[in-house]
Structures are given as C-alpha cells and as structure tokens.
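Every chain is numbered from 1, with letters handed out A, B, ... down the list of sequences.
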Amino acid sequence: MQEHHDDSDLLVILRHGPHGSSWLREGLDAALVAAAFGRRVSLLFMGEGVTALLPGQQVGPLGQKGTAATLEMLEMYDIETLLVEEQGLSCLGLSSDDLMLEVACLSPMALARVLCGHRLVLTF
Amino acid sequence: MQEHHDDSDLLVILRHGPHGSSWLREGLDAALVAAAFGRRVSLLFMGEGVTALLPGQQVGPLGQKGTAATLEMLEMYDIETLLVEEQGLSCLGLSSDDLMLEVACLSPMALARVLCGHRLVLTF
Amino acid sequence: MRYAILLMGAPYSDQASHSALRFARALVARGHRLEAVFFYHDGVHNAARLAAPPQDEPHLVDAWAALANEHRVALQVCIAAALRRGLLDEREAARHGKDGVSVQAPFELTGLGQLVDLGTRCDRLVTFGP
Amino acid sequence: MRYAILLMGAPYSDQASHSALRFARALVARGHRLEAVFFYHDGVHNAARLAAPPQDEPHLVDAWAALANEHRVALQVCIAAALRRGLLDEREAARHGKDGVSVQAPFELTGLGQLVDLGTRCDRLVTFGP
Amino acid sequence: MLLHVVNRSPATSRVYQQALAGMSPDDRLLLIEDGVQGALPQLVRYYTGLEGRLFALKEDLESRGLLGRCDASVQVVDVDGFVELTEEAERTVSWY
Amino acid sequence: MLLHVVNRSPATSRVYQQALAGMSPDDRLLLIEDGVQGALPQLVRYYTGLEGRLFALKEDLESRGLLGRCDASVQVVDVDGFVELTEEAERTVSWY
C-alpha cells in the first residue's frame, strides 16, 4: 500500500459524511472523473469523512441517493487506494472492521507523508 | 439591564465575526428591521460574534463595508440591550474594556435565562 | 398551531432544505397550519426557478411550490439576500436593468419585516440553518 | 509560474470569493500567469449574471469578468454543480427546457475533467473554500 | 421549556458548546442531520447531564447507517416526534 | 515543503486539527479570513510547535481590528507575501 500511493497523481481528501452536505458527493465526482481521465487517484477519508464508509446507509427521506452506491463502484474505476485517518475512526468509536470497504488506516505520521506523496491534493 | 431584556420581544444571537461571512450583517439587518417595526430587540454576541465589537475595524481589501458602522447606529434604532457571552470574550483573551460599545457580560447561567426571557429567538 | 419556518441553507449544498421540507410536510400532516416559509441567507436559492437537478434526485424548488399550492403556504424570500445572490423576479429585474428572471410565483420577494411579523404572529417559528 | 485557482465558496455568503479575487490580482501583479479559475460547489454562484449587489459593495461577478478580459483568464464553471444550483447558459437552458439564462461569457460551463487538467498542467493550484 | 436543535457533529464542530451554554435545566436537545453523530456512545459524553432530555432524529440516523449504533441514553424520534417536540416546547432554538 | 492554509478560527472550528495532522515537520501554515483569530495570544497555543512556520494574512487582521493584537511568534504577511509563500511551497493544501 505504501509504495502504491506514493506515486499516485491525485489525493482527494473527503472530510464530510453522506447526506449532510454535497461535499462528499462532489469530492467523489472529482475523483471518479480524474480516474476516468487515466489519473491514479487515492482517497483519504478524514474526520467525519470516515462515516461515508459505514455499512447499511440508505436513501434519504425525500429519496436523496446518498453516496454508498458510488463507493461500491470505486474498484471499477481502478480507485483502489482507500486511506482512512485512524484518529477519525477512533474518535467515533469505530474500527476498520466496521467499514463496508477494505481500507488502510493511517497513523498521524503516515498521514502527513501521504500528503507529500501526491502531485495534487484536493480537500473536500 | 436584567429587567430591561427580560421583556424584550426579540433576541438576535450573533455568532460570527465581521468580513468572514454574511451572517453578522444579515443578523444585524434582521435586528434593525425588527426595531424599525417597533419591536424591542436585544442582541447577544456569542462565540466568535464578540469580535464584531472590536475597535479599529476597517473596510475589506476589495472595499467590503464590514459592520462596524452599523453597530454604531444601534442606539438610533433604540437597540440598547447589548449582551456578550463572557466565555466568548475570555476564550479570545478579551475583556469588555476592549470593546467599542458598552455591553453587559453574561455568565453561563445568565445566558440560559436570557434565552427563556424572549418571545422570539433568532440565531445567526 | 400556527407555524412558520425560517430556512437559511441552500438546496443541494447542505441538508437544511431537505430537513425543512420534511418537517413542513409532517407538521401539516399533524393538522397544524404552516403560514409561511421564509427564505434567508443561502436559503434564498430554494427559489431558483432555473434549478435543473438530476432526475433521480428530489427537485426541491418544485417541492416547495407543490407544498405552497396544496396547503396555501406563503413562500417569502428576503429581497436583500436574494438580489445579492442573483435571484430576481420580473419587477426587480426591470428595476436593476437585468434581462432575466430567476424567481417566480409562488415564491415572492419580500422584506425582513415579514419575518418579524411571522415570528410575532405564529405560535412556533422553527429555523433550519446550513 | 502557471497558476490555477479552485474556488468553492459563494460570493456574499462567505469571504472565499473575495480572498480568491485578491489573490488572483496579486499573483498576476507579481508576473505569474493565471490560467483559469475553476468554480465548484457553491463557488459556481460567482457566475450568476443576474447578481445585483448594493452599489457600495464590490460586484464580484463583474470583477471576475474584468480579470478574465484583462489577463486572458479562463473562468470555468463545473456544469454539474451549476445545473443543480440554477446556473444555466443558453445551451443548457435549451436542453433542460428552461426559458432563462443565468450564466454568460466569459464564464463557461465545463466538466470536472478541466479541473483535473488544470491541476496537472499548472505549477500551482490554490483552493479557496467557504 | 425550550427545544434546542443541533445539526453538527461534536467531533468536528464546537456548536454543541453554544447549545449547551444556552440550555436551562429542563430544556431539551434534539440532534438532527450530521448532529446525530452525537448519539454514538463515543460522542454522547459531550452531552453528559442531559439524560432524559436528549433526542436524535430517526430518519437521519437511518440514512447514515447509524440507527443501530446509538447510545441507550438517547431517545430516537421520527419527524412526527420532531413536530411533537416543537409543540411541547414554548420555542425552538437552532444551533448550526 | 507544503503550504497549508486555514480559514477558520480554532475557537469555533476543529479544522485546525486536520491541518496539523496533515503537516510534515517543515511545512508552513498560513492563517487567512476568520482563521487569523488563531494569531491572538490566547489562541496561538493551538499551534504550538510551529514557531517560525506560522503566518497570518495582514489584510484580514487589519479589517478585523486584530493587527495590533497578534502574538509575536506569528509572522504577518500581506497578499503579496501569500503569493510568495505559494511560490516557495511545492503545493498548497487548504483546510476550511
């Protein structure tokens, strides 16, 4: 994993959960488009963003789609580097076993290294 | 002061500073209109909102007006009850002597009482 | 009871509009009267008649209009907040020399005095912020 | 150096647009090339051609257009984010059956691919969020 | 008795502090939108002292996959219950 | 070396924590907009360890009446200095 994301082109930092705002959806859209354009993309779920990976999400009460279905398509787009801030998980009392996708947990030190290792960083 | 705001009609809570967003301006606009319509209005500066009362504010670098001039007109609108959250001040290392207008500082207990004492509460 | 809603969040950007609409429907279903929804701050974007969301997402502008028509709810948009954000009805477009209209009935541009009036007149005012 | 700016805040609602514009002017003054400003999330409201702010406040939509014309800066607006928020140019208005236009040149509706391209092509990309 | 409504998570926003500062001893607090995260056992400690007066909105928990993860001390209400809470309170104060 | 930009006050937002988590030992941090409150002596403690790498934007301090209130450990730069900081850093990362 370490050698994998070190030479990725784009790091998309997702700091918001589903349904509460459009940040998560718009960040994912940017990641998907970059991947479709042939860029190697890593996703970093940080802070509240880790809740995007909780299983059992549903459409909103007015029929809002949410983002869980998009996350399940990431592999099809060759987005395989899913990084999660360890601190973001523990702060909510969660562990990586609670999540719907396979992720790599990042210690604070590793997190700073990841930011240095990408040609472009977008925060959402 | 205590007996004054207890029977006010409207409490406008201002929680944002000048220049960073339109919240402070829009909250003040609501207060001024209510006062012009003959309502008794109290203002409560809370959290970052206390920075609205710092002296020496200036127009923004693009010529944005800010809100200091509006605050100086409050008396003309008969808005005389200016309440400040003590905790909001101390958290920034400020005291009521640092402020451009005469205010009443509220302890946490007094703050909750103020919310109960108004017919209508708007948070900005 | 007589209710009013103050909505200060933009549709699509955050959940405030969804929450307000759902709350509005629920209170009407419980037999209350919803006098008006007042749109302020970024909430004024709920009145954007040109909004074209994807078809598989809720169309909030249309949903507000439907609620207004079914239950005689006034949809009041703060005129000062709207003008800054590019939301004009025919009259304001003419007044500002703009050749376009972005707000139409049942949404109406109005002053903050209406908000004060609603707050005084209604039994409950519930705010949804971004 | 070649710069690009990513702007995600709405004008008037928060300071991001002011900060971005000021930064844009300063970098051009220092002799850099500003390739484009990309408007995403609520930043798309910077393209609202109907915006009518009070005359004693800066008119940000006009200020972006002036910058674009003076320094050949592309003003690229994310089309998906814009449509949801009621911002349409003539072509999109026709496609969605709307009888109104809220975006005009020099602003252009475009896809997120342009943002990716800018990020790769430019030496620096600076983001201004709300 | 007032109803306070919070729509942000105590994990990322300090708005919960303002709500708590504004609450009288018999006021109630309802968590909605991203605020429902505050109902997680790990975060509910920010609301210590509100036992019996702390509510969270069911629909917002559900859509986020959080319905089964709530702390037992939090009372889950649906949007109908939300309206009921506003009926029972003299006023509603929103913190966002 | 990266330049991190924060536009919210540590008194009300936890975004500063995310910026700090993302910083390498030689990265720099610039405070802009409401973020300049972090330059006040009372709040600068949130940025302990950044001595010599902590900057604040002059124009945003000035318009808020904060220019004379900055902690001595914070380097004040104008918008020209902001551009210069982005020139010197490989990349800019914004936290908002």
Side-chain angles (χ1 to χ4, degrees), chain B residues 5 7-44 46-49 52 60 62-67 69-70 73-74 77-79 81 114-124, chain C residues 1-10 13-17 19-20 23 34-48 74 76-87 92 108-130:
Chain B
H5 65 71
D7 57 357
S8 272
D9 298 313
L10 171 62
L11 176 69
V12 174
I13 306 182
L14 302 165
R15 302 176 300 147
H16 299 268
H19 291 292
S21 69
S22 63
W23 286 112
L24 176 58
R25 163 160 302 285
E26 291 175 322
L28 284 171
D29 282 350
L32 292 181
V33 167
F37 275 57
R39 309 287 164 201
R40 275 166 306 177
V41 178
S42 312
L43 298 184
L44 167 57
M46 210 175 162
E48 275 190 71
L62 301 177
Q64 309 100 298
K65 277 193 304 177
T67 44
T70 308
M73 294 185 344
L74 290 175
Y77 280 82
D78 292 322
I79 300 180
T81 308
V114 164
L115 263 75
C116 293
H118 288 80
R119 163 104 184 67
L120 180 62
V121 178
L122 297 178
T123 33
F124 288 94
Chain C
M1 287 185 185
R2 282 176 312 165
Y3 275 77
I5 288 176
L6 170 58
L7 175 49
M8 306 218 266
S13 300
D14 43 52
Q15 202 184 343
S17 305
S19 298
F23 183 81
L34 178 58
E35 296 268 335
V37 183
F38 192 91
F39 301 89
Y40 195 30
H41 191 74
D42 284 340
V44 299
H45 290 299
N46 281 275
Q76 303 178 329
V77 182
C78 172
I79 189 166
L83 289 176
R84 281 160 214 253
R85 291 170 175 86
L87 292 160
E92 291 305 316
E108 45 175 325
L109 297 183
T110 183
L112 278 168
Q114 288 295 329
L115 172 61
V116 177
D117 184 52
L118 284 171
T120 318
R121 197 157 47 82
C122 293
D123 303 302
R124 299 287 184 271
L125 173 74
V126 182
T127 300
F128 291 89

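Across all non-hydrogen atoms, the minimal contact from B:Leu120 to C:Gly119 is CD2-CA, 3.5 Å. C:Gly113 and B:Phe37 get closest at one heavy-atom pair: CA-CZ, 3.6 Å.
Here C:Glu92 pairs with C:Arg95 under the salt bridge (charged side-chain N to carboxylate O under 4.0 Å, His left out) rule; sequence neighbours left out. Under the salt bridge (charged side-chain N to carboxylate O under 4.0 Å, His left out) criterion, B:Glu48 pairs with no residue, sequence neighbours left out.
Comparing C:Leu112, C:Asp42, C:Asp117, C:Leu125 by heavy-atom pairs within less than 4.5 Å of chain B, the highest count is held by C:Leu112.
When heavy atoms are compared at a cutoff of 4.5 Å, B:Leu122 approaches chain C solely by way of its side chain, counted from C-beta outward.
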Could you tabulate the donor-acceptor pairs under 3.5 Å formed by side-chain atoms of residues 1-10 of chain C, not counting sequence neighbours?
{"unit_1": "C:Arg2", "atom_1": "NH2", "unit_2": "C:Arg121", "atom_2": "O", "d": "2.7"}
{"unit_1": "C:Tyr3", "atom_1": "OH", "unit_2": "E:Thr86", "atom_2": "OG1", "d": "2.7"}

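Rounding to the nearest 0.5 Å places CZ of B:Arg40 at 13.0 Å from CD1 of B:Ile79.
The closest donor-acceptor contact from the side chain of B:Tyr77 to the backbone of B:Val41 lies at 3.5 Å or more, if one exists at all.
Inspection of non-hydrogen atoms places B:Ser22, B:Trp23 of residues 14-23 of chain B under 4.5 Å from chain C.
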